[in-house]
Amino acid sequence: MTAEMVAPAWMHEQITAEEYDSWSEEQCAGIEIVDGMVVVSPSASKRHNRPARILANALDAAAGPEWNADTDFDVRLQDVPLTNRRPDVVVYRAETIDITPTRPEHVLLVAEVVSPGSETTDRIVDQYAKAGIGFYWRIEQAATGVPLVYTYVLDPATRTYRDGDVFTGVLKVAAPFPAEVDLGQV
């Protein structure tokens with residue numbers, strides 16, 4: 001094994017919120033922290049990023065002035081042990097745009113685009129539910145090229161998600177997002 005193949009020591013130790021907050025944006029890019037341990041994700045492909053961008057743009061346009069929809073930033077689900085996820089799309093309260101880290105109480109919806117290399121981490125829904133995030137959407141890229149969108153709604157009493165609707169290609173978004181999102185052929 002060459003020196004380039006040895007993982008840095010911090011990848012084998014539990015990371016605290018304070019340590020993570022001291023890292024640069026470059027150090028945080030492409031990683032998530034789950035139960036204090038670093039999870040490295042491969043760089044997303046264009047096929048992965050496209051539906052996330054389309055969805056974020058449509059949700060942002062439909063959300064009105066109270067909500068923003070963006071891609072690629074951290075959501076701090078818990079401090080101890082640190083769980084810091086980076087969903088593909090996050091819908092969050094507009095007035096919290098400058099608050100870092102983004103906390104679950106700021107977030108209405110998270111969406112994950114599942115693609116090769118992200119199957120394991122993008123299908124973990126219990127972390128978002130336990131944190132109290134109201135909606136979770138999972139976009140699966142079907143062989144036909146038309147994505148399947150699985151929606152989940154939080155049961156606040158049990159802090160678990162119940163299955164919502166499944167959409168293919170066109171997503172009819174309900175309140176507070178009265179819009180239709182065409183993910184089309186991606």
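Position 1 is the first residue of the sequence; numbering continues from there. Since the model is a prediction, treat every value here as computed from it, not as a measurement.
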Using a 4.5 Å cut-off on heavy atoms from C-beta on, say whether the side chain of Asp74 contacts that of Pro101.
-> no

Is there a side-chain contact between Phe135 and Val91, using heavy atoms and a 4.5 Å cut-off?
-> no

For the pair Asp88 (side chain) and Val113 (backbone), establish whether a donor and an acceptor sit closer than 3.5 Å, ignoring hydrogens and angles.
-> yes

Going through the distances and angles, do Leu77 and Val34 end up as a side-chain contact (heavy atoms from CB on, under 4.5 Å)?
-> CA-CA 9 Å; Leu77 299 180; Val34 177; over 6 Å; no

Lys130 backbone acceptor or donor facing Gln127 side chain under 3.5 Å | no

From CA spacing to verdict: side-chain contact (heavy atoms from CB on, under 4.5 Å), Asp126, Thr160 = CA-CA 7 Å; Asp126 62 328; Thr160 59; over 6 Å; no

Please examine the side chains of Leu154 and Ile133, heavy atoms only from C-beta on, and report whether any two atoms are closer than 4.5 Å.
-> no

Kindly indicate whether the side chain of Val110, heavy atoms from C-beta on, has any atom under 4.5 Å from the side chain of Val89.
-> no

Arg162 versus Asp155: any side-chain heavy-atom pair under 4.5 Å?
-> no

Any residue meeting side chain to side chain contact (heavy atoms under 4.5 Å, CB included) with Glu19, in chain and number order, not counting sequence neighbours | Ile15, Thr16

So how far is it from Glu95 CD to Asn68 CG, rounded to the nearest 0.5 Å?
-> 9.5 Å

Trp67 reachable from Val153 in the ILVMFWY side-chain graph, under 4.5 Å edges = yes

Report the residues that fulfil ring pair (Phe, Tyr, Trp, His ring centres under 6.0 Å) with Tyr20, sequence neighbours left out, ordered by chain and then residue number.
-> Trp23

Student check: side-chain heavy atoms of Glu140 and Arg138 closer than 4.5 Å = yes

Might you work through the side-chain contact (heavy atoms from CB on, under 4.5 Å) test for Asp163 and Tyr152, ending with a clear yes or no?
-> CA-CA 5 Å; Asp163 292 346; Tyr152 302 89; 3.2 Å; yes

Residues Tyr128 and Glu112: side-chain donor-acceptor under 3.5 angstrom = yes

Heavy-atom check, side chain of Leu109 versus side chain of Leu59, under 4.5 Å = yes

When hydrophobic residues are tied together by side-chain contacts of less than 4.5 Å, even through go-betweens, does Leu108 share a cluster with Ile99?
-> no

Distance, nearest 0.5 Å, that separates CG of Asn49 from OG1 of Thr71 = 7.5 Å

Would you call Val107 and Thr102 a side-chain contact if the rule is heavy atoms closer than 4.5 Å?
-> yes

In this structure, OH of Tyr161 is separated from CH2 of Trp137 (nearest 0.5 Å) by 12.0 Å

Listed partners of Thr96 passing side-chain hydrogen bond (donor to acceptor under 3.5 Å, both in side chains), at least two apart | none

Do any pairs count as a ring-ring contact (aromatic ring centres under 6.0 Å, His included) and have a residue in residues 71-95, sequence neighbours left out, and if so which ones?
-> Phe73-Tyr92

Lys/Arg-Asp/Glu bridge criterion (N-O < 4.0 Å) met for Arg93, Glu105 | no

Just how far is it from atom CZ of Arg53 to atom CG of Asp60, taken to the nearest 0.5 Å?
-> 13.5 Å

Here the pair of heavy atoms bringing Ala111 nearest to Ile139 is CB-CD1, 4.0 Å

Could I get the full list of salt bridge (charged side-chain N to carboxylate O under 4.0 Å, His left out) partners for Arg76, not counting sequence neighbours?
-> Asp21, Asp79

Value rounded to 0.5 Å, distance of CD1 in Ile33 from OG1 in Thr83 = 9.0 Å

Evaluation steps, side-chain contact (heavy atoms from CB on, under 4.5 Å), between Val90 and Val75 = CA-CA 8 Å; Val90 179; Val75 176; 3.9 Å; yes

Not counting sequence neighbours, which residues clear salt bridge (charged side-chain N to carboxylate O under 4.0 Å, His left out) with Asp72? List them please.
-> Arg86

